[in-house]
Engineer: 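This structure is in structure tokens; I'll ask about it shortly.
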Amino acid sequence: MHIIYHCYGGAHSSVTAAAIHTRLLSENTIPSGEELLKLPYYDLQVAEDHGYIRYMGQDEKQNNVYITSKHNLGKSYETIMRSVAEIAGLPQDELVFIDTMPYVNVLMMIGGYLSRRLGWVRIGRPIVIMGTKLAFPKFSQLVNIVKTKDIRLGAK
Amino acid sequence: MKVVYLCPTGTCSSLVAAHLHLGNLNKNATINEILNLPNFSRNHKQIGLSFYIGQDDKEREIYTLGVANEAKIMEISARDLVALFGKKIDIQYVDVSKFVPNYYLWCSAIMPKKAIAKIIKDNLVEIYNIIETSIINRDYH
């Protein structure tokens, strides 16, 4: 199965959730800033990277986990991707899309905007890291739900 | 091979482009002919639906897809999604979003269909040229 975490820019919330899912981060311990910055793609993706589906790793059930960015598409992202899957004849039940945007807090938005959009990394990065730490339990809970529930979003 | 025309709703410029491709419309089509296309300017509230429009004389399946104002990144995502399965599926995406104003999704409920049809009608030749260029280029590769 392919599990795709998606957020606005694919640089913070989706990366954090996917990292918990693939055990790059422990789900029970709030990571340090250093640990977050060691994650692939964390606070790194810029506008030119948007849309690409990036591989993050495999979980314990050998599901492939990815992150991507979808700007302001919201729930429409999944609808679009499932339409593409239908056109291409891909198996819908092997795709799971998880929106991490509802768990993003104001600090992550402000820090992410400053760091990624404006390129003010020195100012934005500490803010987005602080926001990620605060939101971490929610991302952890989200991943837990994804892992424990038999989420099969194949039906359109 | 499949051809997917992209626009914000999947029912505006992409629908017109698909019918131009299939020869159901010509580049001198009237506003009424555009308005009479099945599903024209519908489903703007649910973004992301695809519509199968038909098959051309070279057996290419023609679709439209609504991608809001994010055609560029959705095309990238769509290609990557197919690649995840390691399949080589020949899908050509043709972006005709620029013929629908960016504000359309916000005011489509109050904007008369005739107004969007007129905007598209005024750009029919350019839309046709995009189709012709995309398809001709494709045939040479």
Side-chain angles (χ1 to χ4, degrees), chain A residues 1-11 14 18 41 45-58 62-97 99 101 116 153-154 156, chain B residues 1-11 14-15 18 39 43-55 60-95 97 102-103 105-106 108:
Chain A
M1 193 179 291
H2 301 282
I3 300 168
I4 302 170
Y5 287 90
H6 52 93
C7 65
Y8 182 91
S14 59
Y41 310 116
Q45 300 223 85
V46 290
E48 289 72 30
D49 301 311
H50 291 174
Y52 291 98
I53 298 174
R54 311 287 196 189
Y55 180 70
M56 285 290 288
Q58 269 193 342
Q62 277 71 55
N63 296 310
N64 293 315
V65 179
Y66 308 85
I67 55 113
T68 193
S69 48
K70 48 99 183 269
H71 288 184
N72 287 318
L73 282 169
K75 289 177 182 173
S76 299
Y77 178 79
E78 180 171 349
T79 312
I80 295 169
M81 295 305 268
R82 290 203 177 275
S83 290
V84 170
E86 192 176 299
I87 291 169
L90 306 176
Q92 298 277 3
D93 58 355
E94 286 185 28
L95 286 166
V96 177
F97 297 94
D99 186 3
M101 284 305 289
R116 297 297 87 211
L153 303 175
K156 203 175 175 185
Chain B
M1 182 190 167
K2 298 166 192 231
V3 179
V4 183
Y5 288 99
L6 308 174
C7 82
T9 60
T11 60
S14 62
L15 187 79
N39 293 320
N43 283 307
H44 48 260
K45 284 180 184 168
Q46 192 173 0
I47 303 300
L49 300 179
S50 64
F51 296 89
Y52 173 70
I53 308 299
Q55 200 173 47
R60 291 177 286 218
E61 292 176 13
I62 311 299
Y63 297 85
T64 68
L65 177 61
V67 291
N69 293 318
E70 302 293 355
K72 192 180 166 191
I73 66 162
M74 286 320 301
E75 187 177 336
I76 294 168
S77 266
R79 290 187 190 284
D80 272 7
L81 183 76
V82 174
L84 296 185
F85 289 85
K87 290 186 178 179
K88 284 192 177 177
I89 301 166
D90 199 1
I91 302 178
Q92 186 178 7
Y93 299 93
V94 182
D95 179 15
S97 296
N102 282 340
Y103 57 81
L105 286 176
W106 299 99
S108 56

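Just so it is clear: chains get the letters A, B, ... in the order the sequence lines come, proteins before strands, and each one is counted from 1. When reading the values below, keep in mind they use all heavy atoms of this one structure, side chains included, and skip hydrogens, waters and symmetry mates.
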Engineer: Determine the minimum heavy-atom distance between B:Ile91 and A:Ala88, stating which atoms define it.
Structural biologist: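 Looking at all heavy atoms of both residues, the closest pair is CD1-CB, 3.8 Å.
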Engineer: Which bit of A:Ile53 comes within less than 4.5 Å of chain B, counting heavy atoms only: side chain, backbone, both or neither?
Structural biologist: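 Both parts, backbone and side chain.
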Engineer: Quick check for you: to the nearest 0.5 Å, what is the distance between A:Lys70 atom NZ and B:Met74 atom CE?
Structural biologist: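 So the NZ of A:Lys70 and the CE of B:Met74 are separated by 10.0 Å.
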Engineer: Shortest non-hydrogen contact from A:Ser83 to B:Leu65?
Structural biologist: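 Shortest heavy-atom contact: CB-CD1, 3.6 Å.
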Engineer: I need the minimum non-hydrogen distance between B:Val82 and A:Val84, along with the two atoms involved.
Structural biologist: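 Shortest heavy-atom separation between B:Val82 and A:Val84 comes out as CG2-CG1, 4.5 Å.
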Engineer: With a 4.5 angstrom heavy-atom cut-off, which part of A:Tyr55 approaches chain B: side chain, backbone, both or neither?
Structural biologist: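 No part of A:Tyr55 comes within 4.5 Å of chain B.
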Engineer: Where does B:Leu81 contact chain A at under 4.5 Å (heavy atoms): side chain, backbone, both or neither?
Structural biologist: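 Contact with chain A is through both the backbone and side chain of B:Leu81.
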Engineer: Any side-chain heavy-atom pair from B:Asp80 and A:Tyr66 closer than 4.5 angstrom?
Structural biologist: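 No; the side chains remain at least 4.5 Å from each other.
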Engineer: Would you say the side-chain atoms of A:Thr79 pair up with the backbone N or O of B:Leu49, donor to acceptor, closer than 3.5 Å?
Structural biologist: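 Side chain of A:Thr79 to backbone of B:Leu49: no pair is present.
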Engineer: Assess whether side chain to side chain contact (heavy atoms under 4.5 Å, CB included) is satisfied between A:Tyr77 and B:Ser77, documenting all intermediate values.
Structural biologist: CA-CA 10 Å; A:Tyr77 178 79; B:Ser77 266; 3.4 Å; yes
Engineer: Picking from B:Glu70, B:Lys72, B:Glu75, which has the most non-hydrogen pairs under 4.5 angstrom with chain A?
Structural biologist: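 Highest number of pairs under 4.5 Å: B:Glu70.
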Engineer: Measure distances from B:Tyr52 to the heavy atoms of chain A and classify the residue's part below 4.5 Å as side chain, backbone, both or neither.
Structural biologist: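 Contact with chain A involves no heavy atom of B:Tyr52 at all.
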Engineer: Contact part of A:His50 toward chain B, heavy-atom cut-off under 4.5 Å: side chain, backbone, both or neither?
Structural biologist: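 Contact with chain B involves both backbone and side-chain atoms of A:His50.
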Engineer: Of the backbone (N, CA, C, O) and the side chain (C-beta and beyond), which part of B:Ile89 lies under 4.5 Å from a heavy atom of chain A, both, or neither?
Structural biologist: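 When you check distances to chain A, only side chain atoms of B:Ile89 fall under 4.5 Å.
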Engineer: Taking everything shown except A:Tyr52 itself, do over 12 heavy atoms lie less than 6.0 Å from its OH?
Structural biologist: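 No, not enclosed.
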Engineer: Keeping A:Ser76 on the side-chain end and B:Gly48 on the backbone end, is there a donor-acceptor pair under 3.5 Å?
Structural biologist: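 Absent.
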Engineer: Kindly compute the distance separating CD1 (A:Ile87) from OH (B:Tyr93), expressed to the nearest 0.5 Å.
Structural biologist: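 These two atoms lie 6.5 Å from each other.
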Engineer: Check this for me: B:Lys88, atom NZ, are more than 12 non-hydrogen atoms of other residues, nucleotides or ligands nearer than 6.0 Å?
Structural biologist: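 No, NZ of B:Lys88 has 12 or fewer neighbouring heavy atoms, counting only those of other groups under 6.0 Å.
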